[in-house]
Amino acid sequence: MKKYMLDLKVTENRNLHASYCLLKLTSDKTLPDMFPGQFVQVLVNNMPTTFLRRPISINYIDKNTNELWLLIKKIGDGTQAIANHQPGDYVNLLLPLGNSFTLPATQEKKHLLIGGGVGTAPMLFMGAYLRESGFEPTFLLGARSKKDLMQLDVFQRFGTLYTTTEDGSHGETGFVINHSILTNNTFDRIYTCGPKPMMMAIAKYAAGRGISCEVSLENTMACGIGACLCCVENTTNGHTCVCTEGPVFNINKLTWQI
Amino acid sequence: MANLKVNIGSLELKNPVMTASGTFGYGSEYADFMDINRLGGIFVKGTTIEHREGNPYPRMAETPSGMLNAVGLQNKGANYFIEKIYPEIKDYNTHMIVNVSGSSIESYVECAEKISGLEKIPAIELNISCPNVKKGGMAFGVSCSGAAEVVRAVRKVYSKILIVKLSPNVTDIAEIAKAVEYEGADSVSLINTLLGMAINVETRKPILSTITGGLSGPCVKPVALRMVWQTYKAVKIPIIGLGGISNWKDAVEFILAGATAIQVGTYNFIDPTVSIKIINGLNEYCDKFGFKSVSELTGNLAITK
């Protein structure tokens with residue numbers, strides 16, 4: 001896929017949480033094609049401590065309004081600076097980067113999308129894409145508490161939504177891996193993104209039942225386009241760049257001890 | 001429109017702006033963003049005789065105005081390069097220069113010999129300065145005798161343009177440059193990364209798997225510039241300057257300090273089109289100050305006596 005460097009204009013910056021905001025960006029021209037699982041590299045301007053671009057998952061593409069959504073978790077100076085952008089500001093992005101989740105075969109009907117923390121971001125785009133492709137996705141989102149679950153209304157537009165919280169304030173109590181749908185239902189495919197222990201538990205669950213499972217990995221990156229070889233993951237093919245061969249990997253390709 | 005052509009020995013570059021090894025892949029990674037054929041040259045990823053998996057993750061740490069890396073020369077080896085990559089890159093309309101690395105004199109020689117057979121590769125850059133490999137690499141580049149020994153051995157088997165990439169992790173880089181010039185190097189490129197370190201205070205662990213790694217980016221520019229100047233005063237062979245170049249002004253500074261050509265490295269990650277902007281900026285600078293050729297700028301530093 002052709003990659004672009006674009007200055008996109010901020011149309012909205014919505015505060016979703018003490019640590020999260022939703023940034024919506026647009027262009028005068030139609031945005032290039034982008035697929036669920038792909039990411040962008042956001043330039044952070046004018047601060048010595050935030051020299052490198054920040055890799056951010058694509059949260060959603062709204063084709064009607066020609067908007068790209070980024071769910072920003074404010075972790076350090078760089079993500080904080082990105083989150084400070086106001087409507088009318090321009091943000092420089094490299095996009096679309098990386099591979100994408102595999103669309104299921106038409107006979108595969110039951111898809112579970114599991115997200116945790118900022119890892120819920122690409123699950124929304126994937127769910128919307130599945131819905132657009134005629135599937136009925138199931139979402140399972142996990143968080144510490146009710147206030148940490150974001151965009152629930154948008155998820156509900158695209159499929160059935162289940163949640164877990166550690167304190168029991170929303171959905172079932174516990175972690176996503178403990179949710180009853182995992183024991184009461186069967187799925188053809190699982191897509192997941194979130195903290196590594198969560199993804200490893202899901203990978204173990206999927207591998208044990210022979211369910212095809214794709215995980216989206218996070219990694220610290222410099223270039224984002226396969227040039228620097230900094231963001232490697234151990235795979236069955238050796239050290240592999242997460243930015244170009246990933247961020248989405250089938251669990252069969254990983255060397256996780258599960 | 002100034003004449004931007006420069007020469008590295010008998011190798012003519014259409015302009016002095018090239019991209020540094022390890023920051024530009026094999027060129028194609030950047031082809032969506034810019035016309036890579038406009039570059040004076042592309043130094044491709046460090047190549048060794050054997051397939052190398054590189055160092056374990058984490059390999060990168062962001063630092064103020066720069067980054068540390070500890071990639072460790074991950075590459076699929078010289079044979080893979082020759083069979084799979086060379087056919088894809090040989091017809092680019094720019095000079096493709098292979099960065100050759102090794103872990104022993106023999107492995108440098110063997111790799112250089114293999115690459116010398118490739119018609120469309122006019123030059124190699126001998127990497128005696130990689131800080132991220134245990135054996136070889138920088139070990140050769142930090143003493144005059146070590147540097148001389150590798151260059152002497154490679155010079156015997158490699159008759160095209162031989163560029164030697166120098167380490168800044170030395171007391172006197174000009175002495176190393178003189179040693180490799182004496183052994184027949186056609187050019188020196190400097191600097192490779194500065195050895196550095198970063199620690200996560202939350203975990204009290206080093207950020208890099210290798211504890212130390214190579215520092216690059218705008219933070220190293222003043223050091224690199226000083227070393228280019230010192231080397232320029234010591235040798236007659238052309239110097240290729242690099243280290244933190246992020247705009248045309250930086251490039252002009254390196255050329256005024258004595259570089260004939262420059263490489264853009266880490267800044268390619270921030271702006272993948274920066275090298276094109278530098279080419280345009282050099283041309284405008286020459287026009288503005290009445291230089292007919294960019295080569296007139298080399299070492300043209302105005303020093304008050």
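FYI, side chains are in, hydrogens and waters are out, and symmetry mates aren't considered; it's all heavy atoms of this structure. Note that the structure is a prediction, hence the values are computed from the model and not measured.
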J.: Counting only heavy atoms not in B:K277, do more than 12 fall under 6.0 Å of its NZ?
T.: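 Atom NZ in B:K277 is packed in, count exceeds 12.
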
J.: Mind ranking B:P218, B:A61, B:A31, B:A70 by heavy-atom pairs under 4.5 Å with chain A and telling me who comes out on top?
T.: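 Heavy-atom pairs under 4.5 Å are most numerous for B:P218.
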
J.: Quick check for you: to the nearest 0.5 Å, what is the distance between B:M60 atom CE and A:C228 atom SG?
T.: 6.5 Å

J.: Using a 4.5 angstrom heavy-atom cutoff, name the option from B:G22, B:P64, B:G66, B:G217 with the most pairs to chain A.
T.: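 Top count of heavy-atom pairs under 4.5 Å with chain A: B:G66.
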
J.: May I ask you to name which of B:F24, B:Y267, B:F33, B:Y26 has the most heavy-atom pairs under 4.5 Å with chain A?
T.: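 Of the options given, most contacts go to B:F33.
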
J.: Return the minimal non-hydrogen interatomic distance between B:E62 and A:T49, and the atom names on each side.
T.: OE1-O, 3.6 Å

J.: Do you know which two heavy atoms are closest between A:L229 and B:R59, and how far apart they sit?
T.: O-NH1, 2.7 Å

J.: Using heavy-atom distances under 4.5 Å, tell me whether A:L52 contacts chain B through its side chain, its backbone, both, or neither.
T.: both

J.: Name the region of B:S28, side chain, backbone, both or neither, that has any atom closer than 4.5 Å to a heavy atom of chain A.
T.: neither

J.: At their closest point, which heavy atom of B:N69 faces which heavy atom of A:C230, and how far apart are they?
T.: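 B:N69 and A:C230 have their closest heavy atoms at CB-SG, 4.3 Å.
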
J.: Would you compute the distance between atom OG1 of A:T240 and atom CD of B:E53 and round it to the nearest 0.5 angstrom?
T.: 7.5 Å

J.: Could you state the interatomic distance from OH (B:Y30) to SG (A:C223), rounded to the nearest 0.5 Å?
T.: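 Rounded to the nearest 0.5 Å, the OH-SG separation comes to 5.5 Å.
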
J.: Which atoms of B:P56 are under 4.5 Å from chain A, going by heavy atoms: the side chain, the backbone, both sets, or neither?
T.: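 Only the backbone of B:P56 comes within 4.5 Å of chain A.
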
J.: Which heavy atom of A:A227 sits nearest a heavy atom of B:G25, and at what distance?
T.: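 Answer, listing the atom of A:A227 first, then B:G25: CB-N, 3.7 Å.
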
J.: Measure the spacing between CD1 of B:I270 and CD of A:Q41 and express it to the nearest 0.5 Å.
T.: 8.5 Å

J.: Among A:G238, A:G226, A:A222, which residue forms the greatest number of heavy-atom pairs with chain B at distances under 4.5 Å?
T.: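 When all of A:G238, A:G226, A:A222 are compared, A:A222 has the most.
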
J.: Provide the closest heavy-atom pair for A:T220 versus B:Y57 in the form atom of the first, atom of the second, distance.
T.: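 In terms of heavy atoms, the two residues are closest at OG1-OH, 3.2 Å.
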
J.: Could you give the distance from CE (A:M5) to OG1 (B:T273), rounded to the nearest 0.5 Å?
T.: 3.5 Å

J.: Would you indicate whether A:F175, at its atom CZ, is surrounded by more than 12 heavy atoms from other residues, nucleotides or ligands within a distance under 6.0 Å?
T.: no

J.: Counting only heavy atoms not in A:K2 (residues, nucleotides, ligands), do more than 12 fall under 6.0 Å from its NZ?
T.: yes

J.: Tell me whether the count of non-hydrogen atoms from other residues, nucleotides or ligands lying under 6.0 Å of CD1 in A:I75 goes above 12.
T.: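 Yes, because the 6.0 Å sphere around CD1 of A:I75 holds more than 12 heavy atoms from other groups.
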
J.: What distance separates A:H239 NE2 from B:N55 CG, expressed to the nearest 0.5 Å?
T.: 8.5 Å

J.: Locate the shortest heavy-atom distance separating A:K3 from B:D32; write the atom from each residue and the value.
T.: N-OD2, 2.7 Å

J.: Does a sphere of radius 6.0 Å around NZ in B:K120 hold more than 12 heavy atoms from other residues, nucleotides or ligands, not counting ones at 6.0 Å or beyond?
T.: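 Enclosed: over 12 neighbouring heavy atoms sit under 6.0 Å from NZ of B:K120.
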
J.: Do you know which of A:T244, A:N234, A:N92, A:L94 has the most heavy-atom pairs with chain B at a distance under 4.5 angstrom?
T.: A:L94

J.: Is the count of non-hydrogen atoms from other residues, nucleotides or ligands lying under 6.0 Å from A:K74 atom NZ greater than 12?
T.: yes

J.: Is the number of heavy atoms from other residues, nucleotides or ligands within 6.0 Å of CD (A:E67) greater than 12?
T.: yes

